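Below is one structure, written out as structure tokens; comments come after it.
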Amino acid sequence: MRNRMIAGNWKMNKTYTEGVILAQGLAKELADGSGDVDVVVCPPAVDLKGVAEVIEQEAAPFALGAQNVYWEEKGAFTGETAPDMLTNVGVRYCIIGHSERRGYFGETDEDVNRKAKALMAHSLIPISCCGEPLEVREAGTHVDFVVDQIKKDTAGLTIEDPSAYVVAYEPIWAIGTGKTATADDAQEVCAAIRATLTEVFGATTADGIRILYGGSAKPENVAGFLDQRDVDGALVGGASLKADSFAAMVRAAM
Ligand code: 13P
């Protein structure tokens with residue numbers, strides 16, 4: 001049994017002050033709880049502590065996630081954030097391998113794999129992103145492309161608790177474009193991801209790993225994705241920047 005997950009990726013939006021206001025708004029929207037749905041918000045790094053304080057003060061039913069991490073413990077890595085630094089401010093999840101980090105900052109599958117290992121060594125839960133660009137989708141090789149990413153991203157990982165590792169399938173052509181994949185498109189790739197996870201970790205573990213869909217997900221379309229057998233939630237960009245629309249997506253998952 002997999003609990004659904006709705007995760008918000010704020011990307012490079014919201015100052016500290018704005019982030020605190022958004023978190024307070026979300027706490028209010030979700031004052032009655034989120035049922036069995038695991039809700040995660042991933043603000044920019046400088047907002048993490050402020051959002052953690054809101055979660056604590058309001059006993060808010062959502063957890064804190066970061067958008068990036070570096071795999072070293074500490075030292076001369078200017079601009080980077082270590083796993084320990086995340087746990088110390090109350091972070092529980094961390095997005096890795098987002099297509100924006102792969103595309104703009106050169107993050108490779110090998111980097112994603114090292115980050116996953118570093119996070120898990122610190123009991124942080126990776127939300128490991130994969131997804132194909134438009135030309136791969138148009139060539140019809142998207143399933144092979146994503147399966148290859150999953151194999152590289154999970155190489156040598158040990159997963160004891162399947163709820164402690166999350167995959168997000170985000171077709172790049174559907175991110176921030178208003179162009180969503182259909183629910184069938186999402187299911188096709190998410191099923192292939194689960195089959196690959198089964199090969200790598202065995203059926204019991206693979207059956208417990210949450211696979212999220214991301215890419216122009218919003219209140220109006222999220223139910224269609226959640227209805228799919230291998231889609232266990234959503235990783236939400238734009239629609240997570242307003243408390244009411246993000247809360248509506250949480251309610252749709254309840
Ligand atoms: P949008 O929901 O804005 O398309 O972004 C998706 C995404 O990249 C979440 O990580």
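Treat the numbers as computed from the prediction; the structure is a model and nothing was measured. Each ligand, and each atom within it, is numbered from 1 in the order the structure gives.
Taking any N or O of V236, backbone or side chain, none lies under 3.5 Å from an N or O belonging to ligand 1. Between E170 and ligand 1, at least one pair of N/O atoms sits closer than 3.5 Å. Checked against a 3.5 angstrom limit, the closest N/O atoms of G176 and ligand 1 fall inside it. Backbone and side-chain nitrogen or oxygen atoms of H98 are examined, and one is located within less than 3.5 angstrom of a nitrogen or oxygen of ligand 1.
Listed by chain and number, the residues in a salt bridge (Lys or Arg N to Asp or Glu O under 4.0 Å) with K218 amount to none (sequence neighbours excluded). The ring-ring contact (aromatic ring centres under 6.0 Å, His included) search around Y169 returns none, not counting sequence neighbours.
Taking 4.0 Å as the cut-off between side-chain N and carboxylate O, D109 and R102 count as a salt-bridged pair.
A side chain to side chain contact (heavy atoms under 4.5 Å, CB included) with Y165 holds for exactly one of L157, I125, I127; it is L157.
Looking at K218 against ligand 1, nothing comes within 4.0 Å, counting heavy atoms. Contacts with ligand 1 closer than 4.0 Å are made by heavy atoms of both the backbone and the side chain of L235.
The protein atom (non-hydrogen) at minimum distance from atom 3 (O) of ligand 1 is G238 N, 2.9 Å.
Using a 4.0 Å cutoff on heavy atoms, A239 does not count as a contact of ligand 1.
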